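Heads up, the thing below is written out as structure tokens.
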Amino acid sequence: MKVVYTNEALALSLSNIQGDLGFVPTMGALHDGHISLIEKSRSENKFTICSIFVNQKQFNNAEDFEKYPKTIDTDLAKLELAKCDMVFVPTNEQIYPANFKAPYYELGNIENVLEGYYRPGHFQGVCIVVNRLLDLIKPNKLYLGRKDFQQCIVIQKMLALQKLEATIELCIVRTKRDQFGLALSSRNLRLSEAAKRKSLILINSLQHAKDALNRDENTDLTKIQNDSINEIKKAGFESVDYFDFINEDFEVIKDNNESKRIIAILTAATIDAVRLIDNIEI
Ligand code: PAF
């Protein structure tokens with residue numbers, strides 16, 4: 001496995017590659033969810049490259065950025081074991097040189113709801129870094145995990161805005177969960193074992209809500225939402241930012257009689273000062 005640290009070394013190594021190139025962007029603190037993206041890319045491409053870069057631009061909370069786990073040695077060992085071909089570990093100066101001008105992306109409503117609402121500026125930061133990495137790497141396929149469902153839809157929109165849709169295929173890989181069902185996340189490293197067990201309420205509530213919708217498509221969404229938030233709090237969460245139903249235009253649906261189909265239920269909640277997100281497809 002080749003590890004490159006500069007844009008020049010990256011360009012040189014990429015110039016020797018023939019065949020499809022799959023790209024997995026990460027911020028490190030790798031877990032089996034990331035490794036499942038590497039595996040998926042390896043199964044679909046001749047060559048797989050992973051990036052590790054903690055992108056300050058997407059953190060709306062400075063403390064969250066400072067606290068973000070940095071585990072580069074174990075990350076590289078995991079990628080080696082997963083037979084990743086190349087890892088790009090740039091410095092901030094490589095990604096954002098002095099003359100770099102951050103673009104603004106017209107993301108529309110998706111930037112104002114759910115994660116967009118609770119983390120102002122977050123999705124602009126994500127688009128800036130992913131767009132920059134795509135410019136440097138020029139992959140055929142981009143792999144993202146479905147746990148960050150809103151991020152996947154935002155990146156799809158960014159690809160369309162940048163006219164990259166025809167050259168880069170976005171591949172959304174299903175959420176990897178632990179043996180009990182908790183969605184894997186780098187933030188789980190900050191959870192006690194007790195908090196991890198309590199956190200299962202997230203996927204359980206999402207599943208109950210989905211079952212209720214499937215049983216009766218005219219079911220009262222506000223009641224499901226309120227019941228779910230109460231259950232999550234009762235399980236030990238300090239707060240629930242949202243538990244919402246969204247349609248294919250990524251609008252939050254309050255009334256089940258609206259014409260557009262519900263495609264997913266998304267939630268974000270905080271336990272032991274760790275904010276977790278999860279979602280379920282309908
Ligand atoms: O999902 C993440 O880890 C990050 O948002 C990403 C896509 C690597 C961009 O920094």
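Just so you know, ligand 1 is whichever comes first in the structure, and atom 1 is the first atom listed for that ligand. None of the values given here were measured: they were computed from a predicted structure.
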Closest protein heavy atom (residue, atom, distance) for atom 3 (O) of ligand 1: Met27 CG, 3.8 Å
Protein heavy atom at shortest distance from atom 7 (C) of ligand 1: Gln151 NE2, 3.6 Å
Lys70 charged N/C atom sitting above Phe65 aromatic ring, 6.0 Å / 45°: yes
Backbone of Ala29 reached by a side-chain donor or acceptor of Asp75 within 3.5 Å: yes
Any N or O of Gln58 closer than 3.5 Å to N or O of ligand 1: yes
Under-4.0 Å heavy-atom contact with ligand 1, by part of Thr26 that carries it: backbone
Distance, nearest 0.5 Å, that separates NZ of Lys233 from OG of Ser228: 12.0 Å
Phe59 and Tyr68 aromatic centres sub-6.0 Å: yes
Atom indices of ligand 1 within 4.0 angstrom of Val129 heavy atoms, with elements: 9 (C), 10 (O)
Polar side chain donor-acceptor pair, Gln225 to Tyr242, under 3.5 angstrom: no
